[in-house]
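One structure is given below, encoded as structure tokens.
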Amino acid sequence: MKICRVVKPLVSTYRIPEFEHKHLQVVQDGSSQLVAVDAIGCKPDDWVICVGSSAAREAAGSKAYPSDLTIVGIIDDWQAE
Amino acid sequence: MKICRVVKPLVSTYRIPEFEHKHLQVVQDGSSQLVAVDAIGCKPDDWVICVGSSAAREAAGSKAYPSDLTIVGIIDDWQAE
Amino acid sequence: MKICRVVKPLVSTYRIPEFEHKHLQVVQDGSSQLVAVDAIGCKPDDWVICVGSSAAREAAGSKAYPSDLTIVGIIDDWQAE
Amino acid sequence: MKICRVVKPLVSTYRIPEFEHKHLQVVQDGSSQLVAVDAIGCKPDDWVICVGSSAAREAAGSKAYPSDLTIVGIIDDWQAE
Amino acid sequence: MKICRVVKPLVSTYRIPEFEHKHLQVVQDGSSQLVAVDAIGCKPDDWVICVGSSAAREAAGSKAYPSDLTIVGIIDDWQAE
């Protein structure tokens, strides 16, 4: 799993219906920004654990959910290098 | 999911029949260009959300669809860094 | 999907039987070379679309085929950057 | 599989219930740090084998476990380059 | 699939039982070293084809085998660049 920092929510009005109403977050992964499905409810600047690969689907709620990156935990105490 | 910018449609007359008649788009992902299946209908210069991994298949319409990158949403307002 | 250029066929006499008699191609992906299963019949210098992840298996012919990169289309007209 | 060095356990009190009570470890993978599910019981500075992709799920105990990186073995003797 | 060079066998006495008694090989992939399950029987300095993603599981013998990189063929004649 990746260690990312939450940047801000992502607004995408026009998206496939399979995303339902789950929140999407922009997360910082090293020097690049990715989009993750928020499965726990986090806020900007939280350090979070993001799961990818096929595990991201069930972590987002069901095997049919179209996610390849899902936020699955908030890290209690993280010091960025 | 990745944040990409749509470059242009990709024409591939000779391709496997499993792709059906879905549109393919060339998208810019940082410094490299990738091909994504367009599940929503987007146009050049749109900033889009692209899902990869096994989730790209169902996002493109069915579990048997041979996609590893599918455009699943248009971002309402994105300022490139 | 990746945009690759076909380099040459790859000969591997000693390989697992699950590969059957499908052709393997060396393809150039940016600065690195990869091996892809040829599902369409292409030749050196063709610009092709390669699908990876779990979608590469069905694109190669069946869900049990052990491919992680399959050539699924020839691009009609591509100008390398 | 990746060759990683265990850095320290990761504490995440607020996480999805599917993680159960398995231990998470921060591991060093080259120049970046990742989080892996500990399926064997390792300690800081151990050199370990980490499996990713969909295989990480079953390696962590079941097909439904939401891991994309699982520690599956301790290397007997490894000299870092 | 990746083109790798076999470095040496990897010894991991303490590993999950799902690995059974299959041999693990350290392989060189460009500038980094990875661990692959040896499905064919190869030796140091062989140039080999390694399959990743979910296809690595069945290539290693069964859908439940926890591999994300499996050696599936020896290349007859390869000149490193």
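Just the heavy atoms: all of them, side chains too, but no hydrogens, waters or symmetry mates, feed the values below. Throughout, protein chains are lettered first and strands after them, A, B, ... in sequence-line order, and every chain is numbered starting at 1. Fair warning: this is a prediction, and the values are worked out from it, not measured in the lab.
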Can you tell me how far OH of B:Tyr14 sits from CG of C:Asp76, rounded to the nearest 0.5 angstrom? 12.5 Å
Assess the residue pair C:Trp78 and B:Val26 against the criterion (side chain to side chain contact (heavy atoms under 4.5 Å, CB included)); give the C-alpha distance rounded to whole Å, side-chain angles, the decisive distance to 0.1 Å, and a yes or no. CA-CA 11 Å; C:Trp78 186 257; B:Val26 179; 3.9 Å; yes
Give the minimum heavy-atom separation between B:Lys63 and C:Glu58, together with the two atoms involved. O-OE2, 3.9 Å
Over all heavy atoms of both residues, which pair between C:Ser53 and B:Ser54 is shortest? Give the atoms and the distance, please. OG-N, 3.7 Å
Residue among B:Leu34, B:Ile16, B:Leu24 satisfying side-chain contact (heavy atoms from CB on, under 4.5 Å) with C:Ile49: B:Leu24
Whatever's closer than 4.5 Å to a heavy atom in chain C on B:Ala36 counts as backbone
dist C:Asp29:CG -> B:Ser32:OG (nearest 0.5 Å) comes out at 8.5 Å
Sort by residue number and list every residue of residues 65-75 of chain C having at least one heavy atom under 4.5 Å from chain B. C:Val72, C:Gly73, C:Ile74, C:Ile75
Atom NZ of C:Lys22 with >12 non-hydrogen neighbours under 6.0 angstrom: yes
